[in-house]
Amino acid sequence: MLKRSELLEGMRNNDAGFFMLAVRPKGRRETIRTLDKESALTFFDSQPEYAEMVIHCRVPSRGMSKDFRGIHGWDENGIYFAHNRTLYDIFDIMDDERWMGSDSEFFFRRMFMPMYKRLGGDGRAYKKGRLCEELDYFVRAVCGDFVMRSIGE
């Protein structure tokens, strides 16, 4: 488990919103997406030691600055998305679509999820802890390192 002092340092450096996902036994999930540091800390402090946690402290890139809509942790079909990196190479595509949100959300909703579904989101696109080769190459080319994990693995 991340130490509270380490979380506080991350929050100090990246203070434009906080996402936390706690995974409990039997795949039960609890999440928080907030602009409020104290709410995020309360959520963090309430988690048991055995909970697996995904934590994202946001630095604005493109789109909103300190706006709730820009906080990572978007969910679609039980897949939560958060990452660290500005995706400069997709700015032109975002402009073509007049996308007003962040580059991260654009990638997740308009690029990753459609391809995931087309490649067989029912088990072919992701199986046994790995993205299929095509989707893995696509994600690494656009986002760099990527972690995806099924609840219950």
Side-chain angles (χ1 to χ4, degrees), residues 1-88 90 99-117 119-132 135-136 138-153:
M1 183 85 150
L2 184 71
K3 294 177 186 167
R4 193 174 201 271
S5 61
E6 295 166 336
L7 175 60
L8 286 168
E9 182 66 14
M11 294 173 120
R12 186 181 68 74
N13 291 314
N14 307 320
D15 66 349
F18 313 102
F19 165 68
M20 296 182 192
L21 165 75
V23 181
R24 302 284 190 81
K26 299 181 183 174
R28 191 169 67 98
R29 306 175 194 186
E30 293 180 54
T31 64
I32 187 170
R33 290 177 68 225
T34 184
L35 290 166
D36 183 61
K37 177 181 171 182
E38 292 308 315
S39 295
L41 287 170
T42 298
F43 179 87
F44 178 81
D45 291 339
S46 73
Q47 301 308 314
E49 283 289 318
Y50 61 81
E52 293 183 53
M53 298 282 296
V54 175
I55 298 172
H56 187 272
C57 301
R58 183 168 186 262
V59 173
S61 54
R62 176 161 171 178
M64 319 94 216
S65 55
K66 287 189 179 183
D67 184 298
F68 180 79
R69 295 170 299 160
I71 300 170
H72 291 218
W74 304 285
D75 171 27
E76 189 171 325
N77 295 356
I79 297 172
Y80 289 87
F81 182 83
H83 86 112
N84 291 319
R85 187 171 165 198
T86 300
L87 305 176
Y88 297 102
I90 67 172
W99 182 266
M100 298 307 292
S102 72
D103 51 302
S104 301
E105 186 178 15
F106 182 88
F107 173 77
F108 175 60
R109 296 204 187 279
R110 300 289 297 130
M111 298 173 75
F112 176 80
M113 285 307 297
M115 183 173 277
Y116 176 82
K117 290 173 187 174
L119 289 170
D122 59 353
R124 180 173 129 44
Y126 179 80
K127 187 182 340 180
K128 296 182 181 178
R130 299 186 60 87
L131 295 172
C132 71
L135 191 54
D136 179 60
F138 166 70
V139 169
R140 288 185 0 210
V142 177
C143 288
D145 292 334
F146 186 77
V147 175
M148 186 164 167
R149 185 179 168 281
S150 176
I151 303 303
E153 286 183 36

Side chains of Leu41 and Leu8: closer than 4.5 Å at any heavy-atom pair? yes
For the pair Arg4 and Asp45, find out whether any cationic side-chain nitrogen is under 4.0 Å from an anionic carboxylate oxygen. yes
Is the closest side-chain heavy-atom distance between Lys37 and Asp15 below 4.5 Å? no
Close side-chain approach of Asp103 and Tyr88, heavy atoms under 4.5 Å: no
Using atom types as modelled and distance alone, determine if a side-chain donor or acceptor of Glu9 lies under 3.5 Å from a backbone N or O of Ser5. no
Could you state the interatomic distance from CZ (Arg140) to CG (Leu131), rounded to the nearest 0.5 Å? 10.0 Å
So do the side chains of Arg58 and Ser102 get within less than 4.5 Å of each other, counting heavy atoms only? yes
Are side-chain heavy atoms of Tyr80 and Phe19 found at a separation under 4.5 Å? yes
Ring-plane angle category for His83 and Phe81, please: parallel below 30°, perpendicular beyond 60°, tilted otherwise. tilted
Backbone N/O of Asp36 and side chain of Thr34: donor-acceptor pair under 3.5 Å: yes
Would a distance-only check, ignoring hydrogens and angles, find a side-chain to backbone donor-acceptor pair under 3.5 Å from Arg29 to Gly78? yes
Quick one: closest heavy-atom pair of Leu35 and Ala16, and the distance? CD2-O, 3.7 Å
CZ (Arg110) with more than 12 external heavy atoms under 6.0 Å: no
Mind checking whether His56 and Asn84 have side chains closer than 4.5 Å, heavy atoms only? yes
Does any non-hydrogen side-chain atom of Glu76 lie less than 4.5 Å from one of Phe112? no
